[in-house]
Structure formats: structure tokens, C-alpha cells
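So that the names make sense, note that chain A is the first sequence line, chain B the second, and so on, each numbered from 1. This structure is a prediction, so every number in the text was calculated from the model and none was measured.
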Amino acid sequence: MLYLYDGALDVPEILKEWYEQEAKSNYGAYIPFVGTVRSEDNIEGLSFDIYEPILNSWFEAWQKKAEAKGAVIKMAHSRGDVMLHESSYIAAVFSPKRRVALEFIDEFVEDFKASAPIWKYDLKGGKRVYALDRSTAIKGSGILK
Amino acid sequence: MLYLYDGALDVPEILKEWYEQEAKSNYGAYIPFVGTVRSEDNIEGLSFDIYEPILNSWFEAWQKKAEAKGAVIKMAHSRGDVMLHESSYIAAVFSPKRRVALEFIDEFVEDFKASAPIWKYDLKGGKRVYALDRSTAIKGSGILK
Amino acid sequence: MVRVEFLGPIQKEPLELEITNLNELAKILQEDESMKEWLENSAVAVNDTLVSSRDVVLKDGDRVALLPPVCGG
Amino acid sequence: MVRVEFLGPIQKEPLELEITNLNELAKILQEDESMKEWLENSAVAVNDTLVSSRDVVLKDGDRVALLPPVCGG
């Protein structure tokens with residue numbers, strides 16, 4: 001399942017809900033990845049735009065990949081502003097055995113960074129500045145140039 | 001930090017405590033690994049023996065490795081009986097950036113499985129049966145044979 | 001009519017264009033100097049599916065989106 | 001005296017032995033048929049530090065532990 005929230009994530013609550021959702025599913029491994037806003041370059045926080053239709057289809061494709069290995073993926077992400085030391089992202093894999101979960105969480109998070117249609121802005125002096133230097137062009141970009 | 005508990009772990013509470021302990025430490029990534037007892041081979045649960053002196057020194061060596069990369073590791077484990085669908089193990093890495101945390105949690109969990117002085121027993125018909133077939137001889141075993 | 005949307009940080013209002021393929025769209029957007037960098041680093045979706053070449057026929061009611069470099073998390 | 005402990009699933013009471021090295025310990029334990037398999041798959045710690053060879057001098061008060069195959073988690 002994919003969950004989008006306005007503003008920062010309630011990490012303890014989400015980790016708890018997901019754990020309880022799968023409490024009887026007989027998964028042996030649960031690996032969440034939590035992303036938190038770091039203090040750097042004098043930012044006050046980050047802000048996010050999300051394009052949901054493509055995010056949903058990207059996520060569904062991953063969910064199918066996970067199912068094929070007997071695993072399940074959950075993801076939560078913030079829309080809008082998230083301040084320093086607040087969290088904006090949680091991804092989690094549940095699987096029967098640990099190897100699948102350890103490998104999946106790594107592949108999933110890396111592809112998320114490279115492909116998920118989410119745009120990040122630094123909040124500086126009350127302004128929203130697109131974080132182009134930390135962003136990645138989606139595979140196949142440039143066909144209209 | 002290393003935390004040992006009698007019986008099953010309170011996973012939501014531990015994940016929450018650890019998240020809050022590091023809330024202001026400026027880590028960007030938090031990756032817990034949660035191990036839960038699966039129903040298989042008609043077991044009623046698992047049971048664990050731990051030899052603490054060597055577990056402590058093994059853990060401290062890993063904590064130093066983590067510190068050298070600017071990361072921190074936390075671990076919780078159960079002593080004694082843990083029943084089906086309860087959890088017996090949590091390991092977590094906090095680090096500034098995601099790559100270090102993703103690689104560390106994998107290496108740490110694998111070395112934990114191969115080296116940590118913890119013995120697992122299946123609970124079957126009220127008896128404690130050593131899980132030899134799923135156990136790993138510690139590196140350097142056999143010098144007295 | 002084909003609707004063209006510019007996502008995320010691209011500061012450009014949506015367009016409604018009479019076009020039948022992505023070559024025609026490319027020609028129109030290349031005339032807009034402010035789009036030069038975005039055309040180089042943006043991906044293109046037709047009806048919310050990413051496409052990897054300009055070889056796509058567009059029909060009335062189709063939606064095209066430009067997706068600039070991403071950074072979730 | 002050197003104290004020898006058998007950890008985890010090894011069902012054997014601790015021993016107090018007058019030995020000065022691990023070769024002497026090996027000889028004593030090899031005489032116990034119930035230890036045969038454990039000697040093959042167990043690691044050895046002296047004063048809670050794992051050792052990788054029998055080349056260790058033991059002195060009065062030292063503690064030796066045998067660690068059979070592990071499976072935490």
C-alpha cells in the first residue's frame with residue numbers, strides 16, 4: 001500500500017500500523033527505511049510535489065515484483081513542507097526470509113530515488129528552491145530536445 | 001546500544017524509542033530490521049540462549065565500525081521463549097546518508113547470523129529442541145577436534 | 001485537442017494544442033527559450049505512461065506531461 | 001585451575017582442570033565420546049575472546065568456553 005500525507009510523517013505510528021497489519025501474515029522479516037530531513041546548507045526544511053497517477057503505477061509495478069517473491073511493500077511520503085529533523089519518507093518490505101527483504105529494500109529505495117515522480121525543494125528564507133543539483137533525470141529523459 | 005529482553009520484543013515501542021533517541025542527531029536514514037517467529041515445521045515458538053560477554057564485545061566491535069562511517073547501530077534481542085508471530089530480534093542503523101545505512105544493515109544482520117553467540121531452539125510439544133540444522137558454526141570452529 | 005502539462009518545478013501553464021505526434025510538440029516547445037533546459041532533462045508521459053521515443057501517435061483528448069528530474073525521499 | 005564451560009545446547013557441566021594449554025584440553029575432551037560432534041563444530045573462547053588456534057598458553061584462573069553453532073534472530 002501507498003500512503004500520502006500532508007506534511008511530516010508520524011513515524012512511530014506508521015511503523016506500528018504496518019507491523020500490526022502484517023502481524024499474522026507469517027512474514028519473518030520486516031525492514032522499514034525511514035528518511036528524515038537533515039540540517040545542511042542552512043535549509044529550514046524541504047517541500048515536495050508529487051504527481052500521483054505515475055507514482056501509483058510505478059508503485060504497483062514494484063508491488064507485483066514483490067509479490068512474485070512472496071513479499072509485500074508499503075510506502076508513505078509527505079506532500080508539501082517537512083521541517084528539519086522531521087521525516088518525509090518511509091518504505092518497508094515484509095518477506096518470509098531475510099535475504100529477499102534485505103535485497104528488495106535496497107533496490108526499491110534506489111529506484112524510488114531515480115524514478116518516482118516527486119520533486120524536492122529546499123525551504124530557504126521562506127522560499128521554495130527546486131533542488132536540481134540533487135535530482136535525477138528519469139530514464140529516457142530528453143526525447144523532446 | 002544493545003538491549004536484551006526476557007521474552008518477545010515490543011516492536012512498536014522499541015522502534016519508537018530508537019527513533020526518538022536520535023530525533024535531533026541529524027541522521028537522514030534509519031533502517032530497522034525486525035525478525036519475527038514464523039509458523040513452520042509445526043513449531044509453537046522459538047527459545048533463545050545468549051552468552052552475553054561475547055555478544056557485548058562482538059556488538060562493540062560493530063559499533064566502532066559504524067562510528068567510523070558516521071553511523072550508529074542499535075540492537076534488541078529476546079532471551080527465552082518467543083511464540084509464533086512474536087518478534088525476537090531488531091537491529092537498526094542510523095546514518096547521515098542512505099547508502100551507508102543500506103549496506104550496513106545487510107552486513108550487520110548477516111554477520112549477526114554467522115557470529116553472534118545466541119542459540120536457537122524450536123519449541124515443539126513443550127520441548128526445547130536445538131535448531132542445529134539452521135545454525136552456523138562460528139568462524140574458526142573445530143580447533144579442539 | 002491534446003493537453004500538455006508541465007510538472008513539478010517547471011513554471012509553465014498547461015497548453016491545449018492541435019497536434020498529432022510528439023515531433024510536432026517538440027517543434028513547438030523548442031521555440032520557447034525558457035524550455036530549453038527542461039527539454040534536455042525532462043521525461044515525457046502520454047496519458048500517464050512514460051514513453052521512450054517520439055514515435056507516439058496522439059489523438060484528441062490525449063494528455064502529455066513533462067517530468068523534470070526527480071528527488072523523492 | 002582453568003574453568004571450562006560448555007555454552008548453549010551442549011549438555012555438559014563445567015570442568016575445573018589443571019591444564020596449561022589448549023592441546024591438553026583437546027586431549028581430555030576427545031576422550032569424552034559425547035563431545036565428538038561438538039568438538040568439530042564448536043568455537044573456543046579464552047577469557048571471552050575467540051581464539052583461532054590451539055597456540056594459547058593458559059594460566060591459573062583463565063576461563064575457556066566452547067561455543068557450538070549459533071543462530072540468533
Side-chain angles (χ1 to χ4, degrees), chain A residues 8-40 43 46 70 82-114 134, chain B residues 8-40 43 46 70 82-114 134:
Chain A
L9 304 180
D10 183 343
V11 172
E13 187 56 33
I14 292 169
L15 294 180
K16 178 182 195 234
E17 274 174 23
W18 293 357
Y19 181 70
E20 289 172 353
Q21 282 168 11
E22 305 299 339
K24 305 289 174 192
S25 310
N26 213 28
Y27 292 120
Y30 167 33
I31 311 183
F33 174 104
V34 179
T36 299
V37 179
R38 299 188 67 220
S39 174
E40 52 186 352
I43 61 166
L46 297 174
V82 181
M83 308 315 284
L84 286 191
H85 308 314
E86 294 182 334
S87 300
S88 52
Y89 177 52
I90 313 179
V93 179
F94 290 82
S95 77
K97 303 279 187 177
R98 73 177 185 280
R99 281 307 324 153
V100 165
L102 284 164
E103 285 160 24
F104 236 83
I105 191 69
D106 191 328
E107 288 171 40
F108 179 81
V109 168
E110 290 302 327
D111 189 53
F112 167 81
K113 288 279 176 184
R134 287 163 5 244
Chain B
L9 304 181
D10 183 343
V11 172
E13 188 55 32
I14 292 169
L15 295 180
K16 177 182 196 236
E17 274 174 24
W18 292 358
Y19 180 70
E20 289 173 353
Q21 282 168 9
E22 304 300 339
K24 305 290 174 190
S25 309
N26 213 29
Y27 292 120
Y30 168 33
I31 311 184
F33 173 104
V34 179
T36 300
V37 179
R38 300 188 67 220
S39 174
E40 51 186 353
I43 62 166
L46 298 174
V82 181
M83 307 315 284
L84 285 192
H85 308 314
E86 293 182 333
S87 300
S88 53
Y89 177 51
I90 313 179
V93 180
F94 289 83
S95 76
K97 303 277 187 178
R98 75 177 183 280
R99 280 309 321 156
V100 165
L102 284 164
E103 286 161 22
F104 237 83
I105 191 70
D106 191 328
E107 288 172 39
F108 179 81
V109 168
E110 291 301 327
D111 190 52
F112 167 81
K113 288 278 176 185
R134 295 174 345 257

> Any idea which of B:Val93, B:Ile90, B:Thr36 has the most non-hydrogen atom pairs under 4.5 angstrom with chain A?
Replying inline: B:Thr36

>> Looking at chain A, which one of B:Pro96, B:Ala23, B:Ser87 has the largest number of heavy-atom pairs inside 4.5 Å, strictly under?
In response: B:Pro96

>> What part of B:Phe94 gets within 4.5 angstrom of chain A, counting heavy atoms only: side chain, backbone, both, or neither?
In response: neither

> Heavy atoms, side chains only, cut-off 4.5 Å: are A:Ile105 and B:Ile105 in contact?
Replying inline: no

> In terms of heavy-atom pairs under 4.5 Å, which option from A:Pro32, A:Ala92, A:Ala91 contacts chain B the most?
Replying inline: A:Pro32

>> Run the side chain to side chain contact (heavy atoms under 4.5 Å, CB included) test against B:Ser95 and tell me which residues pass, sequence neighbours left out.
In response: B:Ala29, B:Ala71, B:Val100, B:Ala101

>> Under the rule for ring-ring contact (aromatic ring centres under 6.0 Å, His included), what residues qualify as partners of A:Tyr89, not counting sequence neighbours?
In response: A:Phe33, A:His77, A:Phe112

>> Restricting to non-hydrogen atoms, name the atom on B:Arg38 and the atom on A:Asn26 that form the minimum distance, rounded to 0.1 Å.
In response: NE-O, 2.9 Å

> Is it the side chain or the backbone of A:Ser25 that comes within 4.5 Å of chain B heavy atoms, both, or neither?
Replying inline: neither

> Does B:Leu102 reach the side chain of A:Val109, with side-chain heavy atoms less than 4.5 Å apart?
Replying inline: yes

>> Please identify, among B:Glu20, B:Glu86, B:Glu40, B:Arg99, the residue contributing the most non-hydrogen atom pairs under 4.5 Å to chain A.
In response: B:Arg99

